[in-house]
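Note that this is a predicted model, so its numbers are computed, not measured. Residue numbers start at 1 and run along the sequence shown.
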Amino acid sequence: MTQQVTEETRGHVRLIGLARPAQRNAFDSAMLDELAAAYGRVEDDVTVRAGVLYAHGDHFTGGLDLAEVANHLTAGGLEYSSPGAIDPWGLVGRKRTKPLVVATQGWCMTLGIELLLAADVRVAAKDSRFSQMEVCRGIYPFGGATLRFPRETGWGNAMRWMLTGEEFDALEAQRIGLVQEVVEPGAQLERAVQIAERIADQAPLGVRTLLQSARPTWEHGQEAAVERLVPDLLDLFSSEDAAEGVRSFVERRRATFIGR
């Protein structure tokens, strides 16, 4: 099986790379599983103090490989096979306790934005383009955007982009707080590593305790919404509109929805 997620350690920093560039790093179920396993290894390696998530190729991710993943979702949801896996979207199972910096370039679509929202610091190349376009495919964001996008960027900013599914650029992402820094194309990984190395130079227990203190404050109240994410998605996948969304994805055309 082709490796779709790479790992490299630089001192106390672990670099995790999305490595399916020919498909714009779109996630199939195997790649989802590999990424969760890589997150788990960061958590369990006592020598690693911070992580960096980035992507090989021209694009961060085109989102889900919907044609492949839809079958798994309609069969009851995705599960990670590695016993030490950590959900990269932080919705189920054990939680990540180490800081994570993300670097993006090119397309960052759907669950790619949700990977950013689940991380701690985000750096974008100027050529980054973002779209939370699930509504254009007859479904809705189920990787945490409905919970975190409004909190991170404000209700109006989040709804502007989630409800329309339209594309926005790196400067807009920085304006609304989705990313913290915008750099020249090609410099995003180096900058993300610099930030992660700076974090890794700090007292590890202090960093961990800081995150443990901060996260419950903005996570409080999510539990009920989290419990509904997959059930609501499964209801959507049983609709005619969702079937049309998958067909339009495969046929590379705009979907035509009928409201049922």
* Give a yes or no on whether a salt bridge exists between Glu43 and Arg96, defined as a side-chain N under 4.0 angstrom from a carboxylate O. => no
Under the 3.5 angstrom rule, does the side chain of His12 hit a backbone N or O of Thr47 as a donor-acceptor pair?
yes
Nearest heavy-atom approach of Ala125 to Val182 is C-CG1, 4.4 Å
* Taking side chain as C-beta onward, heavy atoms only, is Trp89 less than 4.5 Å from Leu115? -> yes
Next item on the list: Run the salt-bridge test on Asp169 and Arg175 with the 4.0 Å N-O cut-off and return the result as yes or no.
Entry: no
Heavy-atom closest pair (Val13 atom, Ala200 atom, distance to 0.1 Å) is CG2-CB, 4.1 Å
In the structure I gave you, are the side-chain heavy atoms of Leu91 and Val230 within less than 4.5 Å of one another anywhere? no
(message) Within the structure provided, determine whether Ile86 and Val42 are in side-chain contact (heavy-atom separation under 4.5 Å).
(response) no
Side chain to side chain contact (heavy atoms under 4.5 Å, CB included) filter on Arg247, not counting sequence neighbours, yields Ala243, Glu244, Glu251, Arg253
Separation between CD (Gln180) and CG (Asp120), nearest 0.5 Å, reads 9.5 Å
Of all heavy-atom pairs linking Gly90 and Arg148, the shortest is O-NH2, 3.4 Å
Worksheet item: Between Ser239 (side chain) and Leu236 (backbone), is there a donor-acceptor pair under 3.5 Å?
Response: yes
- Query: Do Glu134 and Met162 come within less than 4.5 Å of each other through their side chains, counting heavy atoms only?
  - Reply: no
Review point. According to a 4.5 Å side-chain heavy-atom criterion applied to Ile, Leu, Val, Met, Phe, Trp and Tyr, with indirect links allowed, do Leu111 and Phe168 form part of one hydrophobic cluster?
Key: yes
Within-4.5 Å side-chain heavy-atom neighbours: Leu178 and Leu117:
yes
Check whether Asp28 reaches the backbone of Asp65 with its side chain - one donor and one acceptor, N or O, closer than 3.5 Å. no
The residue among His56, Arg20, Gln23 that forms side-chain hydrogen bond (donor to acceptor under 3.5 Å, both in side chains) with Gln4 is Arg20
In this structure, CZ of Arg137 is separated from CZ of Phe257 (nearest 0.5 Å) by 7.0 Å
Nearest heavy-atom contact between Tyr80 and Asp33 is CA-OD1, 3.0 Å
Inset, instruction - Please check if the side chain of Glu114 supplies one atom and the backbone of Ala145 the other of a donor-acceptor pair under 3.5 Å. - result: yes
Beyond-backbone contact of Met31 with Leu35, side-chain heavy atoms, under 4.5 angstrom
no
Between Lys98 (side chain) and Arg208 (backbone), is there a donor-acceptor pair under 3.5 Å?
no
Here the gap from Arg41 atom CZ to Asp45 atom CG, rounded to the nearest 0.5 Å, amounts to 10.5 Å
message: Test your reading of the model: is there a side-chain donor-acceptor pair from Ser238 to the backbone of Asp235, 3.5 Å cut-off?
response: yes
For Arg191 and Gln188, what are the C-alpha separation, side-chain angles and deciding distance, and is it a side-chain hydrogen bond (donor to acceptor under 3.5 Å, both in side chains)? CA-CA 5 Å; Arg191 182 59 183 142; Gln188 67 277 359; over 6 Å; no
**Q.** Close side-chain approach of Phe60 to Leu53, heavy-atom, < 4.5 Å
**A.** yes
Separation between CZ (Arg10) and CZ (Arg14), nearest 0.5 Å, reads 12.5 Å
Between Trp161 and the options Gln132, Glu172, Glu166, the side-chain hydrogen bond (donor to acceptor under 3.5 Å, both in side chains) test singles out Glu172
Taking the side chain as C-beta and beyond, is there a heavy-atom pair between Asp58 and Asp127 under 4.5 Å?
no
**Hydrophobic cluster identity match, Phe249 and Val135, side-chain contacts under 4.5 Å** = no
Ignoring hydrogens and angles, tell me if any N or O in the side chain of Asp87 forms a donor-acceptor pair with the backbone of Val92 under 3.5 Å. yes
*Determine, using the 4.5 Å side-chain heavy-atom cutoff (strictly less than), whether Leu18 and Leu189 are members of one ILVMFWY cluster.*
no
Between the CD1 atom in Ile176 and the CZ atom in Arg160, the distance rounded to the nearest 0.5 Å is 10.0 Å
ILVMFWY cluster, Leu116 and Phe142 together (side-chain gap under 4.5 Å): yes
| said: Check for me, please, whether Ile16 and Ile195 land in the same ILVMFWY cluster - side-chain distances under 4.5 Å, paths through other members count. | reply: no
Between Thr104 (side chain only) and Ser128 (backbone N and O only), is there a donor and an acceptor less than 3.5 Å apart? no
| Quick check: are there more than 12 heavy atoms from other residues, nucleotides or ligands sitting under 6.0 Å from CZ of Arg94? | yes
**Report entry** Whether Thr61 side chain and Asn25 backbone form a donor-acceptor pair below 3.5 Å
**Finding:** yes
Apart from Trp107 itself, its cluster of hydrophobic side chains linked below 4.5 Å comprises Met109, Met133
Note to self: Using modelled atom types and a 3.5 Å cut-off, is there a donor and acceptor pairing between side-chain atoms of Arg122 and backbone atoms of Ile113?
What the structure shows: no
To the nearest 0.5 Å, atom OG1 of Thr146 lies from atom CG of Asp232 at 9.0 Å
In short, Glu181 meets Gln174 closest at the heavy-atom pair CA-NE2, 3.9 Å
*Decide if atom CD1 of Ile258 counts as having more than 12 heavy atoms of other residues, nucleotides or ligands within a radius under 6.0 Å.*
yes
Minimal heavy-atom distance between Val52 and Ala196, with the atoms involved, is CG2-CB, 3.5 Å
